[in-house]
> 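Please read through the structure below; I'll follow up with questions.
The chains referred to below are lettered A, B, ... by the order of the sequence lines, with proteins before strands, and numbering in each begins at 1. What's counted below: heavy atoms across the whole structure, side chains too, no hydrogens, waters or symmetry copies.
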Amino acid sequence: MAICRIWLYVPASGSQPAIRQKPSLLIVRTTLPASSPEGISYSTAISAIIACPYKLRSGEEARALHKVGEKLALKVDEFLQTGRIKEADDLQHNERYQALKSLMTVHGIGHHTAKELYALGYRSAEDMRKSGKWETEFKYHDDIQLPIPRADVESIAAFVQLQIDRIERGAHICIAGGYRRGKLQSNDVDLLITYPHQDGKERKMLRRLCHRLQAKGLIPPDGILSFSEPATLRTITENKKASSFDSLDKALVVFRHPANGTTRKRDIYRRVDLIFARWPSFGAAVLGWSGSTQFERDLRKHAEKLGYKFDSGGLRVRGTNEVVPTMTEQDVFRALKLKYIPPEFRNADP
DNA sequence: CGGCGTACG
DNA sequence: CGTA
DNA sequence: GCCG
């Protein structure tokens, strides 16, 4: 039963060090594009190994874990015997691997394009910068690589809250993502926004918020990396039942976090995701945006077994597509017959 | 041997 | 394709 | 790569 593994997920803070296996095993995963079936398979197996609550003493023991097969068991054996995994070590020194990794730090460059660029002779993000062909991409690139301390995440959320209040009061903001799982530093800021008990009030709010943030200079003119409002467009154009389908309005932006003179001597550009959710599925939205990726996979799979379809847009009954009201995360866990798992225990990704 | 999340821009 |  |  896959969901059992969820109980073994470890806190990001590492407050249960005994639970962790040696991390060098993780490197194996990076052999493949993480999105490929094999990449996912590796991630899943490695997560299972990391989350295993007792010390593994053999590959055979690892093999007993759900999702760990013969290949990974061999790697565990190799690690236990030699203290390292050759494939992983080699990869670390592999020029192509390092190049691809660097190229993929640029927003909009995935493994596919990275490979093409490599074939063209690019060996790093710096090579791209020097070529002068990606001026836009590099405008915020360096800032965006910087980890975001929790205090800054909170500060950014407060800026956004203030601006939302100036448009329509009563919104509730939840900081999701790694922050919510207790990570001390984040790569980006995921903000989930709803109007409690006021379904529909969130409509068109994303547009208005983005416009306002741009007007205030909190989002630079070219700072909206992607913008989609399927929920708003759907409800306006068709007057269909809310049951049909229901994605979230979201904008991926670059946020200009103003200096405060002490911890931030200068304005820093941060990646912020703004997501508006309807109140009746806010719980699913928060759950869906809190991660980890691995946890979400297990959750979806579990939902499927019970005849539901779960994603950040909501919890629905398979077949009828009927929406199960989930205002809170607890509502989702209840429907899925699971005991509540706090966000800090949803960390499966290393 | 097929499926592995999936919708959007 | 890249992103979440 | 791993599972059903």
> Whole angstroms only, please: what is the CD-P distance between Q294(A) and dC4(B)?
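One finds 15 Å between P of dC4(B) and CD of Q294(A), rounded.
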> Taking the minimum atom-to-atom distance to the side chain of S228(A), which one of dC3(D), dA4(C), dC8(B) wins?
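Selected nucleotide (nearest to the side chain): dC8(B).
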> If you only use heavy atoms from C-beta on, which nucleotide in dC8(B), dA4(C), dG4(D) is closest to the side chain of D273(A)?
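The nucleotide sitting nearest to the side chain is dA4(C).
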> Got a sec, which residues hit side-chain contact (heavy atoms from CB on, under 4.5 Å) with S41(A), two or more places apart in sequence or on another chain?
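For S41(A), no residue satisfies side-chain contact (heavy atoms from CB on, under 4.5 Å) once neighbours in sequence are set aside.
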> For L252(A) and dC8(B), what is the distance between atoms CG and C1' respectively, to the nearest whole Å?
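Going from CG in L252(A) over to C1' in dC8(B) covers 10 Å.
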> dC8(B), dG4(D), dT3(C): which one has an atom nearest the side-chain heavy atoms of S247(A)?
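Ranking dC8(B), dG4(D), dT3(C) by closest atom to the S247(A) side chain puts dC8(B) first.
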> Any side-chain donor-acceptor pair under 3.5 Å between Y140(A) and D222(A)?
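A pair is found: one side chain offers a donor N or O, the other an acceptor, under 3.5 Å apart.
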> On DNA chain B, compare the nucleotides closest to E229(A) and S41(A); which residue's is nearer the 5' end?
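Its nearest nucleotide lies further toward 5', so the answer is S41(A).
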> How many whole angstroms separate atom NZ of K67(A) from atom C1' of dG4(D)?
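After rounding, the gap between these two atoms is 10 Å.
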> OP1 or OP2 of dG5(B) sitting under 4.0 Å from any side-chain N/O of R316(A)?
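Checking R316(A) against dG5(B): no side-chain N or O falls below 4.0 Å of OP1 or OP2.
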> Rounded to the nearest Å, what distance is computed from the CG atom of residue D249(A) to the P atom of nucleotide dT3(C)?
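Value for this atom pair: 21 Å.
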> Is there a donor-acceptor contact under 3.5 Å from the side chain of S228(A) to the main chain of P230(A)?
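Not confirmed, S228(A) side chain does not pair with P230(A) backbone.
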> Is the centre of the H257(A) ring less than 6.0 Å from the centre of the Y269(A) ring?
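Ring-ring flag for H257(A)/Y269(A): false, centres at least 6.0 Å apart.
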> In whole angstroms, how far is the C1' atom of dC8(B) from the CG atom of L248(A)?
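Atom CG in L248(A) sits about 12 Å away from atom C1' in dC8(B).
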> L72(A) side chain: which of dC2(D), dC8(B), dT6(B) is closest?
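Nearest nucleotide to the side chain: dC2(D).
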> Go through dC1(C), dC3(D), dA4(C) for me and flag the one nearest to the H112(A) side chain.
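The answer is dC1(C), which lies nearest to the side chain.
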> How long is the line joining CE of M104(A) and C1' of dA4(C), in whole Å?
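Rounded to the whole Å, the gap is 16 Å.
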> Out of dC8(B), dG5(B), dC3(D), which has the shortest distance to the side chain of I40(A)?
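Ranking dC8(B), dG5(B), dC3(D) by closest atom to the I40(A) side chain puts dG5(B) first.
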> Using the C1' atom in both, what is the distance from dG5(B) to dT3(C), to the nearest Å?
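Their C1' atoms lie roughly 13 Å apart.
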> Which is true for L225(A) with a 4.0 Å heavy-atom rule: it touches a base, it touches only sugar-phosphate, or it touches nothing?
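Here L225(A) touches no strand at all.
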> Phosphate oxygens OP1/OP2 of dG2(C): is one of them under 4.0 Å from a side-chain N or O of T113(A)?
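Affirmative; the distance criterion is met.
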> Whole angstrom is fine here: how far is it from CD1 in I224(A) over to P in dG9(B)?
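Rounding to the nearest Å, CD1 of I224(A) and P of dG9(B) are 14 Å apart.
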> Side chain of R300(A) only, please: which of dG9(B), dA4(C), dG5(B) is the nearest?
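Nearest nucleotide to the side chain: dG5(B).
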> In this structure, how many angstroms lie between the P atom of dG2(C) and the CG atom of L100(A), rounded?
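L100(A) atom CG is separated from dG2(C) atom P by 12 Å.
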> Nearest to the side chain of W289(A) - dA4(C), dA7(B), dG5(B)?
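Nearest to the side chain of W289(A) among the choices is dA4(C).
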> Looking at residues at least two apart in the chain, or sitting in another chain, which of them share a side-chain contact (heavy atoms from CB on, under 4.5 Å) with Q185(A)?
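Scan of Q185(A) (side-chain contact (heavy atoms from CB on, under 4.5 Å), adjacent residues dropped) gives P147(A).
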> Assign E296(A) to base, sugar-phosphate, or nothing according to its heavy-atom contacts below 4.0 angstrom with the strands shown.
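Nothing, no nucleic acid heavy atom in range.
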> Just by distance, do the side chain of E329(A) and the backbone of G283(A) share a donor-acceptor pair under 3.5 Å?
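Here the side-chain-to-backbone pair does not exist.
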> Of the candidate nucleotides dA4(C), dC3(D), dG5(B), which contains the atom at the shortest distance from the side chain of R297(A)?
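The answer is dG5(B).
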